[in-house]
Peer 1: 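Pasting a structure here, questions to come.
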Amino acid sequence: MAGTSSRPAAAPPDIDARLAMYRVMVECRTFEVRAQELFFEGLVRGTTHLGVGQEAVAAGFAAAMRDDDYSFATYRGHNHALARGTDMAGLYAELFGRATGLMGGKGGSMHITSAEHHMMGSYAIVGAHLPIALGAAWSAQYRKSGQVAVCFFGDGTTNIGAFHEALNMAAVWKAPVVFVCENNQYMEYTPIGAVTAVARPAADRAAAYDLEAIVVDGNDVEAVFGVAATAVERARAGDGPSLVEALTYRHGGHSRADPGKYRPDEEVKAWLARDPIPAQRARLRSAGVDAATLDTIDANVAAKVAAAEAAARGAPEPLPDVIETQLWADGGSSWRN
Amino acid sequence: MAGTSSRPAAAPPDIDARLAMYRVMVECRTFEVRAQELFFEGLVRGTTHLGVGQEAVAAGFAAAMRDDDYSFATYRGHNHALARGTDMAGLYAELFGRATGLMGGKGGSMHITSAEHHMMGSYAIVGAHLPIALGAAWSAQYRKSGQVAVCFFGDGTTNIGAFHEALNMAAVWKAPVVFVCENNQYMEYTPIGAVTAVARPAADRAAAYDLEAIVVDGNDVEAVFGVAATAVERARAGDGPSLVEALTYRHGGHSRADPGKYRPDEEVKAWLARDPIPAQRARLRSAGVDAATLDTIDANVAAKVAAAEAAARGAPEPLPDVIETQLWADGGSSWRN
Amino acid sequence: MAELTYRAAVAAGIAQEMRRDPMVVLIGEDVGAAGGVFKLTEGLIGEFGPERVRDTPISEQAIVGAAMGAAMTGLRPVAELMFSDFFAVAWDMVVNQIAKTRYMTDGQVSIPLVLRTANGAGLRFGAQHSQSVENWAMAIPGLKVVAPSTPADVVGLMAAAIRDPDPVIFCEHKGLFATKGEVPDGEHIVPLGKAAVIREGHDCTIVALAAMVPRAVEAAGRLSDDHGIDAEVIDLRTLIPLDAQAILRSVEKTSRLFTVEENPRALGWGAEIASIVADEGFYSLDAPIVRITTPHVPLPSSAVLEDAVLPTVERVVETVRQRLEDAQ
Amino acid sequence: MAELTYRAAVAAGIAQEMRRDPMVVLIGEDVGAAGGVFKLTEGLIGEFGPERVRDTPISEQAIVGAAMGAAMTGLRPVAELMFSDFFAVAWDMVVNQIAKTRYMTDGQVSIPLVLRTANGAGLRFGAQHSQSVENWAMAIPGLKVVAPSTPADVVGLMAAAIRDPDPVIFCEHKGLFATKGEVPDGEHIVPLGKAAVIREGHDCTIVALAAMVPRAVEAAGRLSDDHGIDAEVIDLRTLIPLDAQAILRSVEKTSRLFTVEENPRALGWGAEIASIVADEGFYSLDAPIVRITTPHVPLPSSAVLEDAVLPTVERVVETVRQRLEDAQ
Ligand SMILES: Cc1ncc(C[n+]2csc(CCOP(=O)(O)OP(=O)(O)O)c2C)c(N)n1
Ligand SMILES: Cc1ncc(C[n+]2csc(CCOP(=O)(O)OP(=O)(O)O)c2C)c(N)n1
Ligand SMILES: [Mg+2]
Ligand SMILES: [Mg+2]
């Protein structure tokens, strides 16, 4: 699927960039597949929402972003955090609820944040982060920093009010923000088509904000990169926001507890056959990359993930006295004298 | 301006219906112009939002509705209440805060309701009543009552989240509801174009809900009637919601305290020249109605308004003991024993 | 009597009322085909069909607003907010529209609806999916607020809530879903506004709600076993209407009041209880009123932190013991 | 010293901070070209230009959300909610996002912003435009809550709020806009979390906030003149941080506590005050704690009804007199 964009495509990525995107996808996949196992082992508590199958969106966008561009993600945010360079041991530790977790065990899987990497948070109320990302873009615009905010969300999110408000205000303000709908075809258990008035939940709403309808194959990391680069540069140039709909699929259920049985077998099978990682591997192979190079990447990633897991496993539980810290900027949480 | 609708137009109104619409407009105008005077006299307290200039929308729609169809309006709701037959003395009394007010002085100008006339309320939080009207339509659909809900709101309302949620859900549910945007060109003091990504705040959003873009001259009561009849019948037939954008203008400021000085003189002048009431009068005259007939209507209305005012002036203030009544359906407000 | 889980009691309570009254309908995200993300509405779409059990988009304002419009015009809607934290997204509909419209119209319209929601902590879901928000609703005139602690009360209070002619916020506690209890056979109704004295005692009164009720009961057992302190435990069951007399009566007997609240401290529901007793029950009191609450912070997600932040049986036991001792 | 209206003090307070720090920006509906629908921001767009004073669409979620995103990334936004009732429309942004994000991220991000709003009753605007919502915000961990009663405090607390590194809900009372008072020349700052003892007394303590402060002061005058009752009046000024010690100190002296609250009764801010004093100040108390509030109903619009529903000077005088007498 090509974007329907009429804007000139960005320059194609060179081979290093293509390998790097591959590596990011493998990192995400390896990290998350293992996280799911660790969930069943009882190490990951609460809930997790995996992006297995959707890695190309995270990898393609991250590759098109400047280091100081902002990412805003949902509870399904591990991929986006990792793609921006977030520390993997800290991420596992956060899923385990350990003291060395990215947020010291206070946030959990649904709220992964690495401000150091301009990964400005994972938001667990559907739609909330669209206005927030717009605000970061407004801030960049005001500060003339040249930064762009990229905001990832799901198809189901296109039906909530905050989506509408953020898109309109971003368009009016020509804010440097890229809204990326990862259309994985389902909200939780309900197919998006059953609850949405239009066929393309994001793209068919673009005109309502005087934006172009952009649809991209979200399982093709290079196609994503192309659309991302164009949208990010447009934003950086002061030409305003974009709304991108990336078609993709989650391999598993909505959250850790969901086997995803409501989905037709045929559909699942068809999408599994379009797994973005083997596809990119094949493309790199036909571009002349030898198998050993790719195998080395895979092995390096496996080692990195294993090391991260080990580090997190060895990390201590948080001490209860952190409970009353970091509510306020003074480090504490006192609300009265 | 014609609707861009491709559906067959409804049958044109007969002369009685056309006279009735004229009368409704004159009632609204006479009532409100006097209300403004009474405000300056100190009789009307709090705030009022007049629909002077916008009467054709209320009159045209009300004429196309069945007696048991539901109306939902905003704080700028006097016209819509009167057009459905709401008691005028009760309406004045409510503006004066009297015991005989439609809501006993508890609601005020912004919350005019006459459930008896299926005027289901005036809502003062922008956007809130769109989902509520959808709910009434859903109820009618479920009860198979054949009723339609008509929901009036302003141009500024198209930028709030509830608009988006209601439109999408109504379209998905094929609910018998007609959403009517009275585009009077301004939110409070800000021109709608300054804060909206598209030129036609409602119509340019219709496609986002798989609806047709319908624009009508909101100062032409017969054009409004035509569009209204088509949309209401479509809803009643089970073909789902419509979104109508009626172009109009308020003659005065946003609310009683606002002289509306932020509007260019030229613009005000041009719209005053397109006052819906003289226009309809002229059209009726050229359709062969003699001046005396119209003058009689005007005189009857003036007498009715004067009588309503007198009744309301003579009405008592509410007794403080009503404060603790009608919170609950048992008539009281007790929250503890 | 049948033994049901709290989880199954939710569907049973709704089904009981849907069988009785065809105007009762259910809407929400994934409530139909999926049977609810917590399996709270399982089986309902099968029995009552998709016209009465409707799946919605992720549009909480529209869900709650539509429920209001339907309630104004003859239906008895039950709308689900998947997590109570999401009330915030539809708060205008709840507090400005639903709560006020009957009053503003001087009784011209009634709004008989139930907003059900998965409330409370204990599942390590973190700050945006674990809140106890019954105190938010309690502060709003025009809302009734229910929070059952047992399967029988889930069924009985659900029936009362659906039959009630006014809007009811119905808090189903996530931490109790797996708990079991006897539910009377046949039609079961528990009236709104009646607290339950779960354990009689004369040394102090402990008032609790929802998931804090079993903790208070267990604490009372230990206080008695280990410290010879005989606590009376009251399950409030509904915050509005509030059974203030049940509390005042108990304090008259015990002269000591403790609350056990899951909500964060400032303006938790116990504050209102305390203020009522500090006025109307003042002369019964022998010693300070003590509130045992979650501290005034958001809920952390880590298991050890979440366990530490909520009032525990140990904290209740220790606080009551210590404060009674202090007052000697 | 210059005499300013409370209304003018709002713009003066914001202007003082905008001059000081170029990162301070203002957004909201009609705040720019129109100078605010209550004329609270008049002149600001002229002095600071449209990049720093931005008019928005009617999109409260986007306004508040954008303020949060901007605050996380270097700006010091001040966002206006035209009426405090509209907080409900953006409540998720306020309570789930702004209040919790710093904590959830263990301090990785700060959210220094001010959400200003026209709060309170007295203008016959009815149930959806007259609420006092400071108690809604007080219940949410992570929000600071300010409600000044004088022009000087408007300027000084606005400065403190804008400089504060955490989110502040700033309630400007509609009923006080026209009132006048002296404001110190030069930079004026009043720290958050310090209550003001406005009138010293030893017979009882009356705690009030915002528009209830002048009523409490007038009532104290009459209590003294007509009944020989010498009341101490405390203006809380901020609910969070709460100056609990100021209240406890006063009650230690007076042994009697009254609150005067504009919010509806159940879980009004006075409930928290009462619960603190009923615990920590219990042994200072001679008699019941009495809360004087709006009854637990929405606000009616008619002038006579609105006047009757809010705590009046007469009601304060009568209640205090009667309750002190009862306790003899
Ligand atoms: C306001 C709100 N409503 C409901 C939910 C519960 N919920 C969490 S994820 C989800 C589905 C979201 O679907 P989509 O936007 O497509 O994202 P995906 O999970 O598919 O990535 C729902 C309904 C929520 N978190 N917030
Ligand atoms: C949620 C919300 N935000 C802001 C307001 C304040 N307000 C009242 S009317 C209005 C303008 C509405 O404009 P529009 O929808 O065009 O209706 P009109 O007044 O022109 O009829 C605003 C901003 C409100 N009542 N509710
Ligand atoms: Mg999805
Ligand atoms: Mg308008």
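Side chains included, hydrogens not; waters and symmetry mates left out as well; all remaining heavy atoms used. We name chains A, B, ... by the order of the sequence lines, and we start the count at 1 in each one. Source: prediction; values computed, not measured.
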Peer 1: Just jot down the side chain to side chain donor-acceptor pair (under 3.5 Å) partners of D:Thr254, sequence neighbours excluded, or say none.
Peer 2: D:Thr205
Peer 1: Given the ring of A:Trp173, does D:Arg54 sit roughly above its face, with NZ or CZ under 6.0 Å from the centre of the six-membered ring and within 45° of the axis?
Peer 2: yes
Peer 1: Without swapping roles, check the side chain of A:Tyr123 against the backbone of D:Gln97 for a donor-acceptor pair under 3.5 Å.
Peer 2: no
Peer 1: Under a 4.5 Å heavy-atom cut-off, does chain A meet the side chain of D:Ala99, its backbone, both or neither?
Peer 2: backbone
Peer 1: Looking only at heavy atoms, what is the nearest atom pair of D:Asp166 and A:Ala329, with distance?
Peer 2: OD1-N, 2.9 Å
Peer 1: Evaluate the side-chain contact (heavy atoms from CB on, under 4.5 Å) criterion for residues A:Leu327 and D:Arg102: first the C-alpha distance (whole Å), next the side-chain angles of each, then the deciding distance (0.1 Å), finally the verdict.
Peer 2: CA-CA 6 Å; A:Leu327 182 64; D:Arg102 181 184 174 83; over 6 Å; no
Peer 1: Please flag which part of D:Met93 lies under 4.5 Å from any non-hydrogen atom of chain A: side chain, backbone, both or neither.
Peer 2: side chain
Peer 1: Identify whether NZ of Lys or CZ of Arg in D:Lys144 sits under 6.0 Å from the centre of the six-membered ring of A:Trp328 and within 45° of that ring's axis.
Peer 2: yes
Peer 1: With a 4.5 Å cut-off on side-chain heavy atoms, are A:Arg143 and D:Leu75 touching?
Peer 2: yes
Peer 1: Should we say atom CG of A:Asp321 is surrounded by more than 12 heavy atoms from elsewhere, each under 6.0 Å from it?
Peer 2: yes
Peer 1: Any non-hydrogen side-chain atom of A:Tyr70 less than 4.5 Å from a side-chain atom of D:Met72?
Peer 2: no
Peer 1: Please classify the contact of D:Asp243 with chain A as side chain, backbone, both or neither, using a heavy-atom distance under 4.5 Å.
Peer 2: both
Peer 1: Roughly how far apart are D:Gln245 CD and A:Arg336 CZ, rounded to 0.5 Å?
Peer 2: 6.0 Å
Peer 1: So for D:Leu143, is it side chain, backbone, both, or neither that comes closer than 4.5 Å to the heavy atoms of chain A?
Peer 2: backbone
Peer 1: Just verifying a value: how many Å separate D:Thr73 OG1 and A:Asp68 CG, rounded to the nearest 0.5 Å?
Peer 2: 11.5 Å
Peer 1: Given that the side chain runs from C-beta out, which part of D:Ile276 has a heavy atom under 4.5 Å from chain A: side chain, backbone, both or neither?
Peer 2: side chain
Peer 1: Whether the side chain of A:Glu165 engages the backbone of D:Gln61 through a donor-acceptor N/O pair (distance < 3.5 Å, no angle test) should be reported.
Peer 2: yes
Peer 1: CG/A:Asp330 to CG/D:Asp164 distance, rounded to the nearest 0.5 angstrom?
Peer 2: 9.0 Å
Peer 1: Which bit of D:Ile27 comes within less than 4.5 Å of chain A, counting heavy atoms only: side chain, backbone, both or neither?
Peer 2: side chain
Peer 1: Flag yes if more than 12 heavy atoms outside D:Lys194 fall under 6.0 Å of its NZ atom; otherwise flag no.
Peer 2: no
Peer 1: Salt-bridge test for A:Lys144 and D:Glu51: reply yes if a basic N is under 4.0 Å from a carboxylate O, no otherwise.
Peer 2: no
Peer 1: Looking at D:Pro57, D:Pro112, D:Ser110, D:Pro77, which has the largest count of heavy-atom pairs under 4.5 Å with chain A?
Peer 2: D:Pro57
Peer 1: Nearest 0.5 angstrom please: A:His111 NE2 to D:Asp106 CG, how far?
Peer 2: 13.5 Å
Peer 1: Sub-3.5 Å donor-acceptor pair from the side chain of D:Gln108 to the main-chain atoms of A:Leu102, do we have one?
Peer 2: yes
Peer 1: Just so I know, are the side chains of A:Trp138 and D:Val25 near enough to count as touching, which here means a heavy-atom distance under 4.5 Å?
Peer 2: yes
Peer 1: Could you state the interatomic distance from CG (A:Leu167) to OG (D:Ser59), rounded to the nearest 0.5 Å?
Peer 2: 11.0 Å
Peer 1: Could you grab the distance from atom CE of A:Met103 to atom CE of D:Met104, nearest 0.5 Å is fine?
Peer 2: 7.5 Å
Peer 1: List the steps and the verdict of side chain to side chain donor-acceptor pair (under 3.5 Å) for A:Thr113 and D:Thr105.
Peer 2: CA-CA 6 Å; A:Thr113 305; D:Thr105 64; 5.6 Å; no
Peer 1: Pick whichever of A:Gly105, A:Ala136, A:Gly107 has the most heavy-atom pairs under 4.5 Å with chain D.
Peer 2: A:Ala136
